[in-house]
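For reference, the structure is listed below as structure tokens.
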Amino acid sequence: MTQDASPELDRLIAGYRRFREQGWTPKLERWRELRDGQEPQVMIIACSDSRVDPAQIFDVDPGEIFVVRNVAAMVPPFETNPGHHGVSAALEFAVQVLKVKEVVVMGHGMCGGCKAALTQDLKGTEPGEGGFIADWIALLDGVRDEVVDKHGTTGRPAERAMEEAGVRASLANLRTFPCIRRKEATGELKLRGTFFAISDGVLHVLDETTGDFSPVN
């Protein structure tokens, strides 16, 4: 290696070596299967937060889940305007090419993106100084008012309500995609909302009939 050494790189390399010993070699047959392609049954849309890795939380093997991560686990609505639609491209690939059977939106506790959407502290900042984040989390503006009316803009109850509202908003936006609406209607695809509480490590699943998140025992 020619890079300058650093404690951060050293930790990554040490982890890579553990992976080669514990994750690659013992599962060599599985990796050989994956060499020919992937067939995940589930797509998970999660937050970029370093504390909520879906593969770790759901304890899955390589190739089992197709994951997209972004600030606040958001799904934008279906749009055809010019631009780079990263989440939409990933959705299209998962649903139309990989033909996943479920799409799971996973919000989480102590989400900085949802908190910023609630407080709007970054509103009006320049791109590169917070403006990109502000534009992205503006996707939550439509559900923010109800949260603020009930809980205000600060405190853990308000933050939790915003985090759960974000999951519901992403599910609603998923259903603006024609291919998703069609496949959900025919039973080919299921949409689910979940919430992972960092404080106690408990996963909650959304009941869309009641609108409530219930803990998984």
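We use all heavy atoms of the structure for the numbers below, so side chains are in, but hydrogens, waters and symmetry mates are not. Being a predicted model, the structure only gives us computed values, none of them experimental.
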Checklist entry - Between Asp53 and Arg69, is any pair of side-chain heavy atoms under 4.5 Å apart? => result yes

Checklist entry - After noting the C-alpha distance and the side-chain angles of Lys99 and Glu188, does the key distance pass the side-chain contact (heavy atoms from CB on, under 4.5 Å) rule? => result CA-CA 9 Å; Lys99 301 187 187 306; Glu188 297 174 75; over 6 Å; no

Checklist entry - Hey, mind stepping through Leu191 and Val103 against side-chain contact (heavy atoms from CB on, under 4.5 Å) and telling me if it holds? => result CA-CA 5 Å; Leu191 305 184; Val103 177; 3.8 Å; yes

Checklist entry - Okay, side chain of Gln96, backbone of Ala94: is any donor-acceptor separation there less than 3.5 Å? => result no

Next on the checklist: Does Glu29 form a side-chain contact (heavy atoms from CB on, under 4.5 Å) with Arg32? I'd like the steps, not just the answer.
Outcome noted: CA-CA 5 Å; Glu29 199 58 41; Arg32 284 172 177 156; 3.7 Å; yes

Checklist entry - Is there a path of hydrophobic side-chain contacts, each under 4.5 Å between heavy atoms of I, L, V, M, F, W or Y residues, that connects Ile45 with Leu206? => result yes

Checklist entry - Can you tell me if CG on Asn217 sees more than 12 non-hydrogen neighbours from other groups inside 6.0 Å? => result no

Checklist entry - Should Phe195 and Met74 be counted in the same cluster of Ile, Leu, Val, Met, Phe, Trp and Tyr side chains packed under 4.5 Å apart? => result yes

Checklist entry - So which heavy atom on Leu34 is nearest to which on Gly63, and how close? => result CD2-CA, 3.9 Å

Checklist entry - How far apart are the closest heavy atoms of Ala165 and Val143, and which atoms are they? => result CB-CG2, 4.0 Å

Checklist entry - Would you say the side chain of Val75 lies within less than 4.5 Å of the side chain of Phe177, judging by non-hydrogen atoms? => result yes

Checklist entry - Below 4.0 angstrom, N of the basic side chain to O of the carboxylate: do Glu33 and Arg30 qualify? => result yes

Next on the checklist: So does Gly23 get a backbone contact from the side chain of Trp31, meaning a donor-acceptor N/O pair under 3.5 Å?
Outcome noted: yes

Checklist entry - Nearest heavy-atom pair of Ala72 and Cys111: which atoms, and what distance? => result CA-SG, 3.9 Å

Checklist entry - Under a 4.0 Å N-O cut-off, is there an ion pair linking Lys150 with Glu164? => result no

Checklist entry - Has the side chain of Arg144 got a donor or acceptor atom that lies under 3.5 Å from a matching backbone atom of Leu118? => result yes

Next on the checklist: Side chains of Thr80 and His85, heavy atoms from C-beta outward: is any pair under 4.5 Å?
Outcome noted: no

Next on the checklist: Using the rule that Ile, Leu, Val, Met, Phe, Trp and Tyr join whenever any side-chain heavy atoms are under 4.5 Å apart, tell me whether Val167 and Leu189 fall into a single cluster.
Outcome noted: yes

Next on the checklist: Could you check whether any side-chain heavy atom of Asn173 comes within less than 4.5 Å of a side-chain heavy atom of Pro77, counting everything from C-beta outward?
Outcome noted: yes

Checklist outcome for this item: Taken to the nearest 0.5 Å, the spacing of Met106 CE from Phe58 CZ works out to 5.5 Å

Next on the checklist: Are the side chains of Glu64 and Val42 in contact, using a 4.5 Å heavy-atom criterion?
Outcome noted: no

Checklist entry - What is the distance from atom CG of Leu122 to atom CD1 of Ile133, rounded to the nearest 0.5 Å? => result 5.5 Å

Checklist entry - If every non-hydrogen atom of Val202 is compared with every non-hydrogen atom of Pro215, which pair is closest and at what distance? => result CG1-CB, 3.8 Å

Item to check | Asp49 side, atom CG; Ile198 side, atom CD1 - distance, nearest 0.5 Å | outcome: 5.0 Å

Next on the checklist: I'd like to know if the side chain of Arg20 and the backbone of Thr25 have a donor-acceptor N/O pair within less than 3.5 Å.
Outcome noted: no

Checklist entry - Are Leu91 and Leu174 close enough that some pair of their side-chain heavy atoms sits under 4.5 Å apart? => result yes

Item to check | Whether over 12 other heavy atoms sit under 6.0 Å from Gln22 CD | outcome: yes

Next on the checklist: Can you tell me how the ring of Phe66 sits relative to the ring of Phe93, calling it parallel under 30°, perpendicular over 60° and tilted otherwise?
Outcome noted: tilted

Checklist entry - Going by heavy atoms in the side chains, are Ser170 and Leu139 under 4.5 Å from each other? => result no

Checklist entry - CZ/Phe132 to CD1/Ile137 distance, rounded to the nearest 0.5 angstrom? => result 14.0 Å

Checklist entry - Can you tell me if CD on Glu8 sees more than 12 non-hydrogen neighbours from other groups inside 6.0 Å? => result yes

Item to check | Common cluster, Val105/Trp136, ILVMFWY with side-chain heavy-atom separation under 4.5 Å | outcome: yes

Next on the checklist: Just verifying a value: how many Å separate Cys47 SG and His108 NE2, rounded to the nearest 0.5 Å?
Outcome noted: 3.5 Å

Checklist entry - How far apart are the closest heavy atoms of Val71 and Ser48, and which atoms are they? => result N-OG, 3.6 Å

Next on the checklist: Check for me, please, whether Val52 and Met162 land in the same ILVMFWY cluster - side-chain distances under 4.5 Å, paths through other members count.
Outcome noted: no

Item to check | Arg156/Met110 under side-chain contact (heavy atoms from CB on, under 4.5 Å): CA gap, chis, key distance, verdict | outcome: CA-CA 8 Å; Arg156 189 65 202 127; Met110 315 306 294; 3.7 Å; yes

Next on the checklist: Is there a side-chain contact between Arg160 and Pro157 in this structure, where contact means two heavy atoms from C-beta onward sitting under 4.5 Å apart?
Outcome noted: no

Item to check | Spatial distance of atom CD (Glu92) from atom CG (Leu98) [nearest 0.5 Å] | outcome: 11.5 Å

Checklist outcome for this item: Closest non-hydrogen atoms of Arg192 and Leu171, given as atom of the first, atom of the second and distance, are O-CD2, 3.7 Å

